[in-house]
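What follows is a single structure, written as structure tokens, with notes after it.
Since we're looking at a predicted model, the values are computed, not measured. Counting convention: from 1, in listed order, for ligands and their atoms alike.
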Amino acid sequence: MGDARPGPVPVLMYHSIGGSDRLAVRPEAFAEQLAYLKDTGYTPITFGELVRRRPATGRPVVITFDDGYADFHERALPLLDRFGFRATVFVTTGWIRDAGPYAAGRPLGRMLSWKQAEEITACGVEVGGHGHSHAQLDQLGHAVLRTELLRSKRLLEDRLGRAVTTMAYPYGYSSARVRREVRAAEYDAACAVANALPAADEDPMAVPRLTVRAGTSLTGFERALRGRGFLVDHALTKGYAVVRRSHYAVRRLRGTV
Ligand SMILES: [Zn+2]
């Protein structure tokens with residue numbers, strides 16, 4: 001990311017396409033956003049490609065999806081294919097529909113099956129990690145944190161037959177300690193939330209993303225891509241992170257984490 005070329009590369013964050021929660025984007029709105037990217041000359045690359053080597057030409061953008069909803073396979077992928085766009089999906093391994101003995105946490109919707117995860121990989125989609133149980137990583141003790149990171153990576157690598165080198169923090173939450181452990185678990189880069197464009201010298205372990213949600217208008221989408229303000233998620237502001245960190249410190253003192 002230490003590239004001196006002008007212009008930050010926007011990293012977009014989606015969740016469900018076609019689901020019913022406040023983050024879910026309607027397929028029609030998603031198609032409209034993709035058409036806008038195409039018309040304005042953006043060329044989507046995966047998050048891994050951005051981190052490894054930003055392309056020298058074109059107008060790169062990264063399209064990411066968190067959690068691993070089944071509707072990525074069913075609704076988003078056909079649209080991405082139509083535009084010839086690449087994408088990255090961050091999968092919570094314990095939420096996979098047929099996770100079997102590895103099932104963990106509480107999935108928020110209908111999730112990808114392993115077969116669907118294999119199929120999207122075969123289509124050129126980058127699959128990255130998103131924790132095993134979707135826990136708030138900065139609130140976990142060391143041993144549990146390490147398990148969350150390593151189990152998720154190994155399950156994905158074993159099943160998909162390729163190295164998994166990127167991840168996204170569940171809820172966007174991380175800390176210096178979490179980022180150290182992510183590096184130790186051999187991830188090269190990780191996505192946060194932050195609703196900002198990455199700086200030229202951005203820490204690859206906390207790359208900010210722009211949240212696209214149900215209520216995002218095309219005007220809001222355009223403005224976000226240009227770094228002209230965005231809808232702020234109150235739960236994800238810096239002040240709130242400080243409160244959450246102190247909760248963790250108190251629990252650590254009590255010996256509960
Ligand atoms: Zn998530």
Side-chain angles (χ1 to χ4, degrees), residues 11-25 30 46-48 62-77 87-97 99 102-114 116-117 120 125-140 144-145 147-153 155-156 160 164-175 178-179 181-182 185 187 189-196 205-216 230-237 240-241 244:
V11 183
L12 299 166
M13 176 180 72
Y14 290 89
H15 287 78
S16 162
I17 300 297
S20 55
D21 62 279
R22 77 188 167 87
L23 285 171
V25 172
F30 181 59
T46 66
F47 180 58
V62 180
I63 308 175
T64 71
F65 298 80
D66 279 14
D67 303 338
Y69 293 96
D71 57 42
F72 175 82
H73 184 288
E74 294 150 5
R75 306 184 105 151
L77 189 58
T88 298
V89 179
F90 296 113
V91 171
T92 296
T93 39
W95 284 8
I96 286 191
R97 203 154 77 230
Y102 292 105
R106 285 195 202 148
L108 298 173
R110 214 170 122 266
M111 310 313 289
L112 291 168
S113 65
W114 275 119
Q116 286 179 317
I120 66 172
V125 171
E126 177 192 27
V127 172
H130 194 47
H132 182 66
S133 70
H134 206 271
Q136 300 177 19
L137 299 179
D138 60 337
Q139 304 293 303
L140 302 177
V144 183
L145 170 60
T147 305
E148 273 288 322
L149 297 173
L150 290 173
R151 180 168 293 166
S152 152
K153 190 173 200 283
L155 284 171
L156 290 172
L160 305 178
V164 170
T165 57
T166 62
M167 67 159 292
Y169 304 111
Y171 312 98
Y173 299 151
S174 76
S175 63
V178 169
R179 294 192 286 275
E181 288 300 325
V182 167
Y187 289 98
C191 281
V193 179
N195 285 320
M205 286 295 148
V207 178
R209 291 184 292 172
L210 305 165
T211 311
V212 187
R213 64 187 79 223
T216 303
F230 210 66
L231 302 149
V232 173
D233 221 341
H234 291 298
L236 301 168
T237 57
Y240 187 71
R244 294 184 57 265

Nearest heavy atoms of Ala214 and Asp21, plus distance in Å: CB-O, 4.2 Å
Non-neighbouring partners of Arg179 that pass salt bridge (charged side-chain N to carboxylate O under 4.0 Å, His left out), sequence neighbours left out: Asp203
Residues forming a side-chain contact (heavy atoms from CB on, under 4.5 Å) with Pro208, sequence neighbours excluded: Ala194, Ala196, Pro198, Glu202
Parallel, tilted or perpendicular: rings of His130 and His134 (30°, 60°): perpendicular
Taking only distance into account, with no hydrogens and no angle test, what donor-acceptor pairs under 3.5 Å do side-chain atoms of residues 70-77 form with protein atoms, sequence neighbours excluded?
from	atom 1	to	atom 2	distance (Å)
Asp71	OD1	Ile17	N	2.9
Asp71	OD2	Ser16	OG	2.6
His73	NE2	Glu119	OE1	2.6
Glu74	OE1	Arg110	NH1	3.3
Glu74	OE2	Arg110	NH2	3.0
Glu74	OE2	Gln116	NE2	3.2

Near the Zn ion (ligand 1) (under 2.8 Å) - protein N, O or S atoms: Asp67 OD1, His130 NE2, His134 NE2
Worked verdict on Ile63 versus Phe47 for side chain to side chain contact (heavy atoms under 4.5 Å, CB included): CA-CA 8 Å; Ile63 308 175; Phe47 180 58; over 6 Å; no
